Chemist: 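This is the structure I have questions about; it appears just below.
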Amino acid sequence: MENLIDYSLAAQTGSTLEHVIFICLSLGGAFFAYWRKSLRPSAAWGAFFLAVALYLAGGPLFFILLMVFFLSSTFLSRFKASLKDPIETRIHAKSGARDIVQVGANGGAALIMAVPFAYSQNPAYLVAVAASFAACNADTWASEIGILSRKPPVSLITLKPVNPGLSGGVSGLGLLASLGGSAVVALTYGLFQFAAGNSGMLLWMQIGVITIGGLLGSIIDSLLGAAIQAKYISHETGQLTEKPSDNNKPNRLYSGLAFVNNDFVNFASSLLAAALVLIFFKFQ
């Protein structure tokens, strides 16, 4: 894998002008997300510092992977929003603009893998960072597109139908969307490496592993969502929800652990996906 580290060293060897350009791009992206009401103010600052940290750790590749995830997930969140918003508002604890915790939940695993790469330059961490973003993108695509499925999703634990939008449910459309979201990140990684002069079977293997790792991360997300994520009975509607309270009145815990919310599951699943990919390449 040693032949795949050359271009990733851009953060250490790039010119001062290049550093300034990417820092400005990070700031511009964060401001754009805030302006579009995709991120709250604290989340926009968090996204800015995350983008800069990833760039400094791994160069343009890490920054581009983050942007691919952010832009595609932002676009899909607005796709047929009039159909999805009522469901998400009723079920999800958080809706609308993302907060800083959500930014950390989706980018934290990548940063954890990026830091040791900055010190070791071990290319296995490159693939692990890509896999973490592939998992986040796969989960986001599955959620945003799968919720539109005409067939009700089923729980991965009980295989019984569950309400659309409820964590832990999967559908055929959602799985297909998950694969697509993961493949987009994997292909971005591959195109970047190809443009840097890298090619061959090793690169194709990495693209395949990132794709499978991202899909696996999305499935892990659904398993955790079904098994341990907190779900409540709404005191207003009597239906299952992920909201611990409605109108400042607590809902009754129905299943799962109270401290395990969607942010916890997103972070854990992307970190596990990255760790599995890292272990795979460590033993190659």
Side-chain angles (χ1 to χ4, degrees), residues 25-55 62-63 65-79 81 84-112 114 132-133 135-144 147 165-168 181 217-218 221-222 224-225 228-232 234 241-251 253 256-274:
L25 286 173
S26 301
L27 185 61
F31 177 79
F32 175 77
Y34 169 70
W35 177 68
R36 293 285 295 175
K37 294 182 171 56
S38 297
L39 296 177
R40 298 177 185 177
S42 62
W45 281 113
F48 165 68
F49 287 115
L50 174 65
V52 171
L54 286 170
Y55 166 72
F62 290 178
F63 177 86
L65 293 175
L66 172 63
M67 289 298 104
V68 167
F69 161 65
F70 170 73
L71 292 174
S72 67
S73 61
T74 298
F75 170 77
L76 285 180
S77 69
R78 300 181 184 280
F79 177 67
K84 297 185 295 186
D85 286 350
I87 299 174
E88 294 176 347
T89 301
R90 185 178 72 251
I91 291 179
H92 295 170
K94 297 178 180 179
S95 58
R98 296 182 179 184
D99 60 25
I100 193 169
V101 176
Q102 290 171 297
V103 170
N106 286 287
L111 187 58
I112 288 174
S132 72
F133 280 124
C136 290
N137 212 42
D139 177 61
T140 300
W141 282 39
S143 299
E144 297 293 346
I147 198 173
L166 200 64
S167 294
S218 180
D221 186 285
S222 295
L224 294 176
I228 64 173
Q229 185 173 338
K231 296 181 181 63
Y232 303 85
S234 172
T241 180
E242 296 172 12
K243 300 163 66 175
S245 64
D246 280 313
N247 293 323
N248 297 321
K249 293 183 179 180
N251 293 322
L253 183 65
L257 305 173
F259 68 89
V260 178
N261 59 14
N262 190 250
D263 295 331
F264 180 99
V265 169
N266 286 343
F267 173 73
S269 59
S270 60
L271 184 60
L272 283 171

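These numbers were taken from a predicted model, which means no experiment stands behind them.
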Chemist: Quick check: closest heavy atoms across A43 and D99, and the distance to 0.1 Å?
Modeler: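 Minimum heavy-atom contact is CB-C, 3.4 Å.
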
Chemist: Out of the candidates S143, S270, S269, only one should pair with D221 under the side chain to side chain contact (heavy atoms under 4.5 Å, CB included) rule; please name it.
Modeler: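 It is S269, the one option of S143, S270, S269 that forms the side chain to side chain contact (heavy atoms under 4.5 Å, CB included) with D221.
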
Chemist: About how many Å separate CZ of F70 and CZ of R98, when rounded to the nearest 0.5 Å?
Modeler: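 Rounded to the nearest 0.5 Å, the CZ-CZ separation comes out at 8.0 Å.
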
Chemist: Testing the basics here: between F62 and A114, what is the closest heavy-atom pair and its distance to 0.1 Å?
Modeler: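 Heavy atoms only, the tightest pair is CE1-CB, 3.7 Å.
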
Chemist: Between CH2 of W141 and CG of L76, what distance do you get to the nearest 0.5 Å?
Modeler: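 CG of L76 is found 6.0 Å from CH2 of W141.
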
Chemist: Closest heavy-atom contact between A44 and A30?
Modeler: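 Nearest heavy atoms, A44 then A30: O-CB, 3.3 Å.
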
Chemist: Could you state the interatomic distance from CZ (F75) to OG1 (T140), rounded to the nearest 0.5 Å?
Modeler: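 Taking CZ in F75 and OG1 in T140, the distance rounds to 14.0 Å.
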
Chemist: Quick one: does S167's side chain get under 4.5 Å of N262's, heavy atoms only?
Modeler: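 S167 vs N262: side chains touch.
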
Chemist: Could you walk me through whether N137 and S73 pass side-chain hydrogen bond (donor to acceptor under 3.5 Å, both in side chains), step by step?
Modeler: CA-CA 7 Å; N137 212 42; S73 61; 5.3 Å; no

Chemist: Any donor and acceptor pair, going by atom type alone, linking the side chain of K231 with main-chain N or O of L166 inside 3.5 Å?
Modeler: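 Not confirmed, K231 side chain does not pair with L166 backbone.
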
Chemist: Which heavy atom of A51 sits nearest to which heavy atom of S26, and what is that distance?
Modeler: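 Nearest pair, atom of A51 first, then S26: CB-OG, 3.4 Å.
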
Chemist: CG of L257 to CZ of F264: how many Å apart, nearest 0.5 Å?
Modeler: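 Between atom CG of L257 and atom CZ of F264 there are 8.5 Å.
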
Chemist: So, does N106 use its side chain to make a donor-acceptor pair with the main chain of Q102 at under 3.5 Å?
Modeler: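 The answer is yes, because a donor-acceptor pair under 3.5 Å joins these two groups.
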
Chemist: Walk me through whether F63 and L25 qualify under side-chain contact (heavy atoms from CB on, under 4.5 Å).
Modeler: CA-CA 10 Å; F63 177 86; L25 286 173; 3.7 Å; yes

Chemist: Identify the heavy atoms of V265 and G225 that sit nearest to each other, and give their distance.
Modeler: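 Smallest heavy-atom distance, with atoms named: CG1-N, 4.2 Å.
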
Chemist: One pair to check against side-chain contact (heavy atoms from CB on, under 4.5 Å): F133 and L54. What are the steps and the verdict?
Modeler: CA-CA 12 Å; F133 280 124; L54 286 170; 3.7 Å; yes

Chemist: First locate atom SG of C136, then atom CG of L65, and finally report the distance between them rounded to the nearest 0.5 Å.
Modeler: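 C136 SG to L65 CG: 11.5 Å, rounded to 0.5 Å.
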
Chemist: Salt bridge or not between K249 and D246? Use side-chain N to carboxylate O under 4.0 Å.
Modeler: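 Salt bridge: no.
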
Chemist: Give me the ring orientation class for F31 and Y34: parallel if the planes are under 30° apart, tilted from 30 to 60°, perpendicular past 60°.
Modeler: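 Judged by the thresholds at 30° and 60°, the geometry between F31 and Y34 is tilted.
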
Chemist: Out of curiosity, E144 CD to T74 OG1, how far, rounded to the nearest 0.5 Å?
Modeler: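 If I round to the nearest 0.5 Å, the distance is 9.5 Å.
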
Chemist: Where is the tightest heavy-atom contact between L224 and A268, given as atom of each residue plus distance?
Modeler: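 Residues L224 and A268, closest heavy atoms: CD1-CB, 4.1 Å.
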
